[in-house]
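Heads up, the thing below is written out as structure tokens.
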Amino acid sequence: MRVDRRIDADAVIIGSGAAGAVVASALAVAGAKVIVLEEGPRATAEDLHGDPARAVRRFYRNAGAVVSIGAPPISIQVGRAVGGSTLINGGTCFRTPDHVLHAWSEALGGAFRPQDLDADFLRVEGVLAVQPVAPDQAFVGERRLLEAALSRGDRGGYVKRNVRACQGSHLCPFVCPTDAKQSVDKNYLRTAEAAGAQVLADTTALRIVMEGPRAIGVLAAQADGAGLLVRAPIVTLAAGALHSPVLLRRSLGWRTPRAVGRSLFLHPGAHVAGIFNEPVVPRRGPIQSIYVSGPDDGYVIYGMGYPPEVFSVFTLEAGGGLQNLARFERSVTLAVMAADHGSRGQLRGLGAMPLPLYAIGRDDAQQLVNGMAHAAELLLGIGATSVYVSVRGFGPLTTAADVARLRAAPVDLRRLVLGSVHPMGTAPMGLDPNASALDPDLRPHGTRGLYVPDASFFPSSLGVNPQITIMAFAERAARHMLQTL
């Protein structure tokens with residue numbers, strides 16, 4: 001591509017989401033000249049009207065139409081905007097589970113100690129204003145469900161979210177209309193820009209420019225068709241677990257570590273909706289307020305306070321009829337998310353587009369079914385008259401016998417209706433260059449000046465929402481970058 005514009009900088013960052021924003025802020029505040037390249041647009045005042053259809057068209061990758069190939073196909077929702085997926089996620093903030101951190105640390109030969117990340121977690125949580133949902137903010141049906149779950153011995157609680165003065169619009173995945181959700185465009189990126197960083201929206205990174213094993217810049221295309229070359233001794237690739245591997249392969253060629261794209265975790269998820277005889281959903285409330293964990297951590301159940309139009313889509317997919325459109329205020333919707341331990345995923349490249357392949361393992365699929373049955377038990381136990389699950393042709397469930405039938409039925413993968421919002425692990429970190437893609441400092445093996453601190457680096461499935469994990473490790477990676485300037 002012809003170069004029409006050129007910028008010299010200390011660091012260039014591809015992607016402005018959870019990882020890219022943290023790195024941009026840290027480097028810019030330290031005095032580095034930072035350029036951030038973001039393929040998607042900035043949110044404007046016109047986007048703050050709570051219009052799900054507009055938000056999906058503008059800020060979701062492929063307008064929400066990214067789907068894995070496999071049995072069953074899984075819809076994958078990721079952001080494409082200034083702020084990345086933090087602009088359109090639910091705002092739930094879990095730290096990395098201790099057992100996951102210890103496993104990663106051991107696999108890296110003690111390259112980091114889990115306790116060393118405590119300060120990074122605290123800093124991220126402080127910047128994002130992470131706090132638990134107040135019980136009186138949660139939907140009444142979700143409060144009743146959590147109380148029932150705890151009384152029977154389940155673990156659970158109110159989720160922590162990155163919000164300031166939440167107004168309960170339950171529109172977090174469609175751009176918060178009150179600016180309450182603290183997506184990274186409201187904090188880290190603002191800090192970076194105040195310190196002199198430039199965030200170039202509507203700018204697509206085409207290739208990382210390499211000089212031997214060293215990254216020296218990025219070639220990009222801007223919205224007006226101009227070719228842009230940003231030269232910098234530090235390149236941070238934070239395009240997300242679906243697109244970072246595509247850029248790595250295109251840029252590194254034969255130097256691409258063998259493990260790039262050979263793994264993919266998705267946290268496959270399903271939905272369960274309970275219908276009640278009385279109103280249980282007020283007009284205001286956070287989209288996620290409670291969680292209930294399964295007995296062996298194979299799944300997590302979340303309360304999902306979707307707006308009416310999204311609720312209707314999920315209940316129709318789960319076998320509900322059009323009558324459920326009128327039952328929104330008498331419903332409680334839950335999401336069941338599995339930690340994919342036995343599933344097989346990988347990422348192929350199709351030109352500039354990633355091609356996710358994912359075959360959910362039987363054990364993971366059974367965990368999802370167990371989670372749906374668990375959720376259905378809880379809903380029926382607090383008075384739901386019918387429950388719809390994400391298994392085509394199976395429902396509604398109205399009795400304990402129906403739930404038992406769901407648990408006992410052989411899992412038919414073709415009948416599951418699944419989605420994902422957490423692609424991970426497509427360029428895992430590790431010590432062995434033949435079995436991993438990145439070294440413990442999140443640099444592709446055999447390269448210099450190039451870092452990949454987004455969810456690509458996860459060596460295993462996380463089991464919880466990944467935002468805080470990405471950001472804490474990005475803080476750590478940024479410190480390493482500063483030492484090289």
Side-chain angles (χ1 to χ4, degrees), residues 1-15 19-20 23 35-39 61 66 69 200 203-222 226-264 345-357 423-459 477 480-481 484:
M1 184 175 189
R2 186 182 75 231
V3 175
D4 303 294
R5 299 167 185 159
R6 173 172 167 162
I7 301 174
D8 292 319
D10 297 312
V12 56
I13 300 167
I14 302 171
V23 173
I35 304 296
V36 181
L37 308 178
E38 170 54 56
E39 183 179 0
R61 174 72 61 178
V66 178
I69 297 175
L200 304 180
T203 301
T204 302
L206 302 177
R207 179 168 56 86
I208 299 164
V209 181
M210 304 295 296
E211 196 171 77
R214 174 172 286 281
I216 61 169
V218 175
L219 181 65
Q222 297 194 275
L228 171 67
L229 174 63
V230 182
R231 291 185 62 91
I234 292 179
V235 177
T236 298
L237 176 55
L242 296 184
H243 283 76
S244 285
V246 174
L247 272 169
L248 281 176
R249 286 171 172 157
R250 188 187 311 146
S251 305
L252 299 184
W254 65 270
R255 295 183 185 275
T256 305
R258 292 172 57 190
V260 170
R262 293 178 66 177
S263 59
L264 170 65
Q346 57 181 297
L347 196 68
R348 302 278 181 86
L350 188 65
M353 298 298 294
L355 186 64
L357 310 179
M424 306 165 285
T426 50
M429 63 178 175
L431 296 177
D432 183 355
N434 293 314
S436 63
L438 312 177
D439 67 19
D441 292 316
L442 306 186
R443 299 171 300 188
H445 291 296
T447 68
R448 288 178 288 169
L450 175 58
Y451 297 81
V452 188
D454 61 24
S456 303
F457 78 79
F458 292 8
H480 191 274
M481 297 176 205
T484 69

Can you check whether Leu206's main-chain N or O pairs, donor with acceptor, with Arg250's side chain at less than 3.5 Å?
yes
Heavy atoms only: give me the nearest Ser456-Ala241 pair and the separation to one decimal.
OG-CA, 3.2 Å
Before you tell me yes or no, could you show the steps for Asp10 and Ile234 under side chain to side chain contact (heavy atoms under 4.5 Å, CB included), namely the whole-Å CA-CA distance, both residues' side-chain angles and the distance that decides it to 0.1 Å?
CA-CA 6 Å; Asp10 297 312; Ile234 292 179; over 6 Å; no
I need the minimum non-hydrogen distance between Ala226 and Asp4, along with the two atoms involved.
CA-OD2, 3.3 Å
What's the spacing between Glu38 CD and Ile13 CD1 if we round to 0.5 Å?
11.5 Å
Measure the shortest side-chain to side-chain distance between Val3 and Leu219 over non-hydrogen atoms and say whether it is less than 4.5 angstrom.
yes
Might you point out which heavy atoms bring Asn434 and Arg258 nearest each other, and give the distance in Å?
OD1-NH1, 3.7 Å
Distance in Å, Leu442 CG paired with Met481 CE, rounded so as to fall on 0.5 Å steps:
7.5 Å
Restricting to non-hydrogen atoms, name the atom on Thr256 and the atom on Leu248 that form the minimum distance, rounded to 0.1 Å.
OG1-O, 3.5 Å
Can you tell if the side chain of Ile35 reaches within under 4.5 Å of the side chain of Val218, non-hydrogen atoms only?
no
Which residues share a side chain to side chain donor-acceptor pair (under 3.5 Å) with Ser244, sequence neighbours left out:
Asp454
Leu200 CG to Leu228 CG distance, which is reported to the nearest 0.5 Å
6.5 Å
How far does OG1 of Thr447 sit from CZ of Arg255, to the nearest 0.5 angstrom?
9.0 Å
Checking Arg231 against Arg6 for the side chain to side chain contact (heavy atoms under 4.5 Å, CB included) test, could you report, in this order, the C-alpha distance in whole Å, the side-chain angles of both residues, the deciding distance, and whether it holds?
CA-CA 8 Å; Arg231 291 185 62 91; Arg6 173 172 167 162; 3.0 Å; yes
So do the side chains of Leu450 and Arg443 get within less than 4.5 Å of each other, counting heavy atoms only?
no
Residues at least two apart in sequence or cross-chain that pass side chain to side chain donor-acceptor pair (under 3.5 Å) with Ser263, listed by chain then number, are none
In short, Ala477 meets Pro453 closest at the heavy-atom pair CB-CB, 4.3 Å
Walk me through whether Val260 and Leu252 qualify under side chain to side chain contact (heavy atoms under 4.5 Å, CB included).
CA-CA 11 Å; Val260 170; Leu252 299 184; over 6 Å; no
Suppose we screen for side chain to side chain donor-acceptor pair (under 3.5 Å). Which residues come up paired with Arg207, at least two apart in sequence or across chains?
none
Can you tell me how far apart CG (Leu355) and CG (Leu242) are? Round to the nearest 0.5 Å.
10.5 Å
d(Met429 CE, Phe458 CZ) to nearest 0.5 Å is 8.5 Å
Restricting to non-hydrogen atoms, name the atom on Pro354 and the atom on His243 that form the minimum distance, rounded to 0.1 Å.
CD-NE2, 3.4 Å
